[in-house]
Amino acid sequence: MANIQKPKGTLDVLPNKSFIWQYIESAVRKAAAKCGYGEIRFPTFEATELFNRGVGGTTDIVQKEMYTFEDKDGRSMTLRPEGTACVVRSIIENGLCMQAMPLKLYYIGSFFRYEKPQAGRSREFTQFGAELFGADSALADAELILLANDVFKSLGVKSVELKINSIGCADCRAEFRKALKDYFKSKESRLCDTCRGRLETNPLRILDCKCPDCIEVAKDAPKTVDYLCDRCKSHFEELKGVLTSAGVGYEVDPFIVRGLDYYTGTVFEFVGGTGAAQSTVCGGGRYDTLVSQLGGPALSGVGFGMGITRLMAVMELDGVLPKADTAPDIYIAPACAAARDRAYLLAKELRDMGLKAESDLCGRSLKAQMKWADKAGAAYTLVLGDSEIEAGRAVLKPMRGGEAAEVAVNAAEIKNAILKGNGER
Ligand code: ATP
Ligand code: MG
């Protein structure tokens with residue numbers, strides 16, 4: 001029988017890569033904490049209705065990408081395809097909407113979309129997301145952008161570009177929608193089947209289509225920024241001003257509309273250097289009607305989602321992926337059966353002192369142990385045989401250059417010698 005394999009579009013993260021995930025997660029948590037965002041954790045599946053109502057029935061996510069199933073009681077459940085609707089559900093349910101504003105939350109977790117797996121696009125993917133509620137000003141939009149920017153900066157990422165746009169509020173959207181519909185109606189024969197359907201249901205979505213023909217047609221379509229009401233216009237101008245004074249470069253891109261129905265006003269993306277289809281590392285925007293749409297009070301919101309594998313791809317491009325630091329500081333090798341316990345306990349004492357120390361667990365020959373220590377990248381080895389135990393002294397050998405030194409078989413002395421050696425190298 002064939003061995004079972006992981007589902008298409010999912011990922012096993014093994015120890016040779018998981019340290020990169022941990023490194024990124026810790027940078028993200030640090031950046032979020034610096035501007036007062038607290039972590040929220042919410043279920044991996046929710047009632048399907050949440051996404052139908054929250055994300056929008058005419059979006060790709062709801063139309064094509066959801067993992068929906070019936071549970072044993074016949075309720076329709078969906079693996080969360082995105083985080084914002086879940087966060088909004090949770091703050092309404094837990095009464096956080098009633099607390100002092102602004103409310104700042106972040107999350108890191110798995111999301112699920114039934115998509116064609118390819119580079120930068122998988123069926124289970126990890127997103128870092130941040131959401132800010134109860135602040136209407138452009139300063140709030142800017143804070144989210146600055147947070148995403150801080151994550152990139154703290155990881156050393158240089159090759160991402162910020163693109164911003166405003167898609168207007170419900171007031172200005174109506175006129176824009178009409179202009180857009182008229183325009184696309186006149187080019188209907190060149191649109192894909194899906195977009196022809198969108199003409200009636202949601203013409204804005206056509207701007208987001210990835211078919212080459214639709215992209216071509218959309219190039220001359222009316223631009224949202226030309227239809228903004230005075231309030232949306234001044235909000236957008238203020239955002240640009242804040243970004244400029246904070247030293248964050250941006251480009252206004254009228255083609256950014258984002259693939260979710262809940263956005264109002266500001267939308268933005270950070271796009272990676274390759275310019276390829278899966279190069280949007282981070283996407284977000286303002287959603288001032290979502291909370292009330294899901295049954296909560298009138299509460300504004302702004303947020304973003306950042307895909308961790310796409311972030312990793314730009315980090316690789318920029319040469320800023322971290323090196324593994326899982327290698328032991330020291331490997332203690334027993335050279336005979338009598339030394340095994342001593343070596344094992346010495347490694348334990350060194351770990352108690354904060355070092356990464358290992359010893360033999362497999363009863364291997366000295367030669368095999370040294371080969372293992374070398375492969376594991378141990379910085380030092382220390383061989384313990386009968387004579388070393390009897391003399392109470394052993395040789396601390398640096399594995400990557402430097403002088404070997406005799407030390408007492410004593411955890412404190414070994415630790416000092418390692419620290420001293422590391423300082424000198
Ligand atoms: P795309 O246009 O690439 O499909 P999207 O508009 O669907 O992206 P959002 O829903 O805004 O993306 O999600 C925010 C971020 O999450 C994306 O910019 C991306 O980094 C990441 N992301 C979205 N879908 C996937 C996926 N299937 N696999 C990996 N990362 C993803
Ligand atoms: Mg998508």
Side-chain angles (χ1 to χ4, degrees), residues 7-11 13 21 24 28 51 54-56 58-67 78-88 106-131 144-145 147-149 151-152 155 157 159-165 167 194 202 204-211 214-215 218 253 255-263 266-287 290 301-317:
K8 219 169 136 181
T10 63
L11 201 62
V13 181
W21 289 77
I24 292 175
V28 154
F51 306 112
V55 177
T58 58
T59 59
D60 276 356
I61 293 181
V62 170
Q63 282 186 339
K64 307 190 241 174
E65 299 172 358
M66 295 209 299
Y67 275 93
T78 294
L79 298 184
R80 57 187 191 190
E82 62 101 52
T84 306
C86 308
V87 171
V88 170
Y106 84 92
Y107 55 83
I108 307 175
S110 278
F111 294 88
F112 307 86
R113 294 185 194 176
Y114 195 81
E115 300 205 70
K116 190 164 165 253
Q118 52 199 289
R121 193 176 295 287
S122 48
R123 293 185 171 172
E124 178 177 13
F125 58 97
T126 304
Q127 231 183 45
F128 158 52
E131 317 285 352
L144 260 307
I145 291 174
L147 169 55
N149 198 54
V151 169
F152 293 126
L155 292 171
V157 169
S159 64
V160 285
E161 281 171 11
L162 170 62
K163 300 187 173 194
I164 60 171
N165 189 23
I167 58 171
T194 321
N202 193 346
L204 206 69
R205 284 278 71 77
I206 304 175
L207 296 174
D208 211 33
C209 184
K210 305 218 162 60
C211 302
C214 298
I215 293 176
D253 182 341
F255 293 104
I256 291 182
V257 292
R258 310 292 308 130
L260 302 108
D261 275 354
Y262 51 62
Y263 287 119
T266 308
V267 286
F268 61 89
E269 290 185 355
F270 283 88
V271 183
T274 61
Q278 276 75 248
S279 55
T280 301
V281 182
C282 173
R286 182 165 273 283
Y287 48 89
L290 182 61
V302 49
F304 68 73
M306 189 185 286
I308 303 296
T309 40
R310 294 195 195 175
L311 172 59
M312 243 174 242
V314 276
M315 287 173 71
E316 187 169 13
L317 200 74

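In each ligand, atom 1 is the first atom listed, and ligand 1 is the first ligand listed. Predicted, not measured: the structure shown is a model, and the values here were computed from it.
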Worksheet item: Are more than 12 heavy atoms from other residues, nucleotides or ligands located less than 6.0 Å from atom CD of Glu65?
Response: yes

Item to complete: Evaluate the side-chain hydrogen bond (donor to acceptor under 3.5 Å, both in side chains) criterion for residues Thr84 and Tyr262: first the C-alpha distance (whole Å), next the side-chain angles of each, then the deciding distance (0.1 Å), finally the verdict.
Response: CA-CA 10 Å; Thr84 306; Tyr262 51 62; 3.2 Å; yes

Quick one: does ligand 1 sit under 4.0 Å from the side chain of [X], the backbone, both or neither, non-hydrogen atoms only?
X: Arg121; answer: both
X: Asp208; answer: neither
X: Lys210; answer: side chain

Item to complete: Consider ligand 1: state whether an atom of it lies below 4.0 angstrom from any non-hydrogen atom of Glu115.
Response: yes

Fill in: Test item, Arg123 contacting ligand 1 (heavy atom, 4.0 angstrom)
no

Discussion item. If you take the nearest heavy atom of each of Gly272, Gly120, Gly285, Gly307, which one is closest to atom 29 (C) of ligand 1?
Written reply: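 Comparing heavy atoms across Gly272, Gly120, Gly285, Gly307, the nearest one to atom 29 (C) of ligand 1 lies in Gly120.
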
Worksheet item: Who's closest to atom 10 (O) of ligand 1 heavy-atom-wise, of Glu82, Arg113, Met306?
Response: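 The option holding the nearest heavy atom is Arg113.
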
Near [X], which atoms of ligand 1 are under 4.0 Å from a heavy atom of that residue?
X: Val281; answer: 18 (O), 20 (O)
X: Thr280; answer: 17 (C), 18 (O), 19 (C), 20 (O)
X: Gln127; answer: 13 (O), 14 (C), 15 (C), 16 (O)

State the [atom1]-[atom2] distance between [X] and [Y], to the nearest 0.5 angstrom.
X: Cys211; Y: Ile206; atom1: SG; atom2: CD1; answer: 11.0 Å
X: Arg258; Y: Asp208; atom1: CZ; atom2: CG; answer: 7.5 Å
X: Leu311; Y: Glu316; atom1: CG; atom2: CD; answer: 12.0 Å
X: Met306; Y: Tyr106; atom1: CE; atom2: OH; answer: 13.5 Å

Item to complete: Just do the side chain to side chain contact (heavy atoms under 4.5 Å, CB included) check on Phe152 and Cys282 with the steps written out, would you?
Response: CA-CA 10 Å; Phe152 293 126; Cys282 173; 4.3 Å; yes

Worksheet entry | NZ/NE/NH1/NH2 to OD/OE distance under 4.0 Å, Glu82 and Arg113 |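 The answer is no: the pair does not qualify as a salt bridge.
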
Item to complete: Return a yes/no value for Gly305: is any of its N or O atoms, backbone included, closer than 3.5 angstrom to an N or O of ligand 1?
Response: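 N/O-N/O distance under 3.5 Å: no.
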
